[in-house]
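From a predicted model like this one, the values you see are computed outputs, not experimental measurements. Here, residue 1 is the first one in the sequence, and each next residue gets the next number.
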Amino acid sequence: MKKIMFAAAVLMGTSVGSAFGQGSPIITLSLHDTPSHGSDGYTNVAACGSTYSYKYSGGTGNGGDVTFIGRRPVTVVLKLNNASPSDRRYTFGDVTFEGDDNDQLSWSGNAPTNGVINDKNDVAQTASYKVMVDDATKAGCSIPCDPKIINQ
């Protein structure tokens, strides 16, 4: 399974802030129950006996990666883009963290299709998180999805 990277490093002479100014970046995850053929920017992933494809937008380079600079608490808003507002097929499932030895990261699931990753960002560390998306049309089906978030 792929992971979203959180890397933190103190840079001498760097102002506190983020590559996104004072606001929180908004990252949108789009998911389809069909495979990508490679030219649409979607990444294929096998789950639940099927091939799904997902794509992140927003962030640095518009691919879901985010870079923060400085030492202050930061957040990243995650939104799951279903086909339409009435379509509730996909919802955020579990969001877990690996390598978070300093307890910097936490998930606040505000709604089935919106949530926030909180980073205390008061120590340097490299950690990762994994986003699982549930498919309501298949019992017990969760799809792993990923990009990067970097604290410098």
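With sequence neighbours excluded, the residues that form a salt bridge (Lys or Arg N to Asp or Glu O under 4.0 Å) with Asp33 are Arg89. For Ser36, the side chain to side chain donor-acceptor pair (under 3.5 Å) test picks out Asp40, with sequence neighbours left out.
Counting heavy atoms from C-beta outward, Asn121 and Pro73 have side chains that stay 4.5 Å or more apart. Contact check for Thr75 versus Ile117: no side-chain heavy atoms found under the 4.5 Å cut-off. Taking 4.5 Å as the limit, every side-chain heavy atom of Val45 sits out of range of all side-chain heavy atoms of Thr51. Contact check for Ser24 versus Val76: no side-chain heavy atoms found under the 4.5 Å cut-off. In this structure, Leu105 and Lys120 have side chains that are not in contact, with every pair of non-hydrogen atoms separated by 4.5 Å or more. Contact check for Val131 versus Leu78: side-chain heavy atoms found under the 4.5 Å cut-off. Residues Tyr56 and Thr28 are not in side-chain contact: their nearest non-hydrogen atoms beyond the backbone lie 4.5 Å or more apart. Side-chain contact between Tyr52 and His32 is absent, with no heavy atoms from C-beta onward closer than 4.5 Å.
Residue Lys79 qualifies as open at atom NZ: its count of foreign heavy atoms under 6.0 Å is 12 or below.
Across Arg72, Arg71, Gln104, a single residue satisfies side-chain hydrogen bond (donor to acceptor under 3.5 Å, both in side chains) together with Asp122, and that is Gln104.
Here Phe92 and Trp107 bring their ring centres to under 6.0 angstrom of each other.
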Begin from the C-alpha positions of Leu31 and Ser53 and carry the test side-chain contact (heavy atoms from CB on, under 4.5 Å) through to its verdict.
CA-CA 6 Å; Leu31 186 67; Ser53 58; over 6 Å; no
Could you walk me through whether Asn81 and Tyr90 pass the side chain to side chain donor-acceptor pair (under 3.5 Å) check?
CA-CA 8 Å; Asn81 187 19; Tyr90 301 118; over 6 Å; no
Quick one, Ser142 with Asp134, criterion side chain to side chain donor-acceptor pair (under 3.5 Å). Give me CA distance, side-chain angles, the key distance, then yes/no.
CA-CA 4 Å; Ser142 293; Asp134 295 333; 2.7 Å; yes
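There is a side-chain donor-acceptor pair under 3.5 Å between Ser50 and Lys138. In summary, the side chains of Asp135 and Thr137 do present a donor paired with an acceptor at a separation below 3.5 Å, with no hydrogens or angles considered.
Put simply, Tyr54 and Leu80 are part of the same group of oily side chains (I, L, V, M, F, W, Y) that touch within less than 4.5 Å, one to the next.
Here Ile26 is tied into one hydrophobic group with Val77, Val116, each link being a pair of ILVMFWY side chains closer than 4.5 Å.
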